[in-house]
Amino acid sequence: MLSVCLLPVLVVVLGGCLGGGHALGNPGAEEIPVGQSTQAVESGGVSRTFHLYRPQGLTDAIPLVVMLHGGFGTGAQAERSYHWDAEADTGHFLVAYPDGLNRAWNAGTCCGQPQRDNVDDVGFITTMVGAIEQEIPIDRARVYVTGMSNGAMMALRLGCQTDTFAAIAPVAGTLLTDCSQAHPASVLQIHGTADDRVPYNGGPGKAFAFNGNPRVDGPSVESVNATWRAIDACGPPTSATAGSVTTLTAGCAGGRTVELISVAGAGHQWPGGDPTPLAELAGVPAPSTALDATDTIWQFVSQSHR
């Protein structure tokens, strides 16, 4: 059962709802308020929180985008930094911003306490989507997941280990889990060629200086793209370059698409997003303005259906 705070949220809520919450009653579109709310769902024996943004005028068959924050981030931070609420107003879809435990996700061989404790974040995210569906009529053929950094790695794990998502769109992430049983899905990767935390060419990345966390060590971005082209039975990719942005696109079976957008000289970032104090503290450069990742992702995933 979902519980909800009926007030805009500017901070992550880990121990319950600010201002008091209540259990939602009978399922129905009016139970989820217009605008921002913070909600919770039981998963793995604990209460897990997430933020939800519902634009005005949504009634039925609503697309859903799940936005996964990066390591050391929160759902509220992702909502502020990556401009998905404004995109949802224009595109007429729902956005969910779940909170990882201890600000991280168990994406396989990364990251943080969730990985060390083997937290079932796949179970949490799929439970969250099901709980949202009980309260508002989402279109299960148009459920998508994106994420930044550790959240991108989690998005890839969800693509590999569930059949929930019609398309996945990792930004600045790599594949750190088994993907041999993946269901076909459209995939869009966005990655800076100068990323030193999740290197474009694979291998160990630079640790975050302020806490010395272990480095990410995974396959190259192009290798992950090739993995998904094989899963989706794609044809040979074509390449196009405009300025610092190179797009590698492959058409695949069932009308799916696998795409890789490389931003030359960009670091570990969400292109077009807002800089964050934590990223600046860690020595991560300001986001590139060569690409609006949020709008690019929505234009891509919105063409995909289960």
Salt bridge (charged side-chain N to carboxylate O under 4.0 Å, His left out) involving Arg256 - partner list, sequence neighbours excluded: none
Any side-chain donor near an acceptor of the partner, Tyr82 and Asp274, under 3.5 Å: no
Nearest-0.5 Å distance that lies between atom SG in Cys234 and atom CD in Glu259: 11.5 Å
Cluster check Val145, Val143: I/L/V/M/F/W/Y, side chain < 4.5 angstrom: yes
Separation of Glu79 CD from Thr74 OG1 (nearest 0.5 Å): 9.5 Å
Parallel, tilted or perpendicular: ring planes of Phe93 versus Trp298, cut at 30 and 60 degrees: parallel
Same apolar cluster: Trp228 and Val221, side chain cutoff 4.5 Å: no
Contact check, side chains of Thr257 and Phe300, non-hydrogen atoms, under 4.5 Å: yes
Partner residues of Thr238 under the side chain to side chain donor-acceptor pair (under 3.5 Å) criterion, sequence neighbours left out: none
Parallel, tilted or perpendicular: rings of Trp105 and His69 (30°, 60°): tilted
Cluster overlap Val245 with Leu248, hydrophobic side-chain contacts below 4.5 Å: no
Transitive ILVMFWY side-chain link Val122 to Leu64, under 4.5 Å: yes
Gap between atom CD1 of Ile138 and atom CG of Leu58 - 0.5 Å precision: 12.0 Å
Pairs where residues 138-151 contributes a residue and the test salt bridge (Lys or Arg N to Asp or Glu O under 4.0 Å) is met, not counting sequence neighbours: Glu133-Arg140, Asp139-Arg142
Gln161 side chain to Gln181 side chain, donor-acceptor N/O pair below 3.5 angstrom: no
Donor + acceptor pair across side chains of Gln113, Arg116 (<3.5 Å): yes
Leu175, Leu68, Leu176, Leu158 screened by side chain to side chain contact (heavy atoms under 4.5 Å, CB included) with Met153, the one that passes: Leu176
Any side-chain donor near an acceptor of the partner, Tyr200 and Glu222, under 3.5 Å: yes
Residue pair Thr49 / Asp99, side-chain donor-acceptor N/O under 3.5 Å: yes
Distance-only donor-acceptor check, side chains Glu87 and Thr294, under 3.5 Å: no
Approximate separation, where rounding is to 0.5 Å, of Asp85 CG and Leu52 CG: 9.5 Å
Nearest-0.5 Å distance that lies between atom CG in Asn225 and atom CD in Gln189: 4.5 Å
Salt bridge (Lys or Arg N to Asp or Glu O under 4.0 Å) partners of residues 117-126, not counting sequence neighbours, each pair once: Arg48-Asp121
Donor-acceptor side-chain pairing of His191 and Ser262 below 3.5 angstrom: no
Cluster companions of Val119 among Ile, Leu, Val, Met, Phe, Trp, Tyr (side-chain spacing under 4.5 Å): Leu101
Shared hydrophobic cluster, Val198 / Leu260 (ILVMFWY, side-chain heavy atoms < 4.5 Å): no
Between Trp84 and Thr146: side-chain donor-acceptor atoms closer than 3.5 Å: no
Cys111: disulfide (SG to SG under 2.5 Å) partners, not counting sequence neighbours: none
Residue pair Pro33 / Arg54: nearest heavy atoms and the distance that separates them: O-CB, 3.5 Å
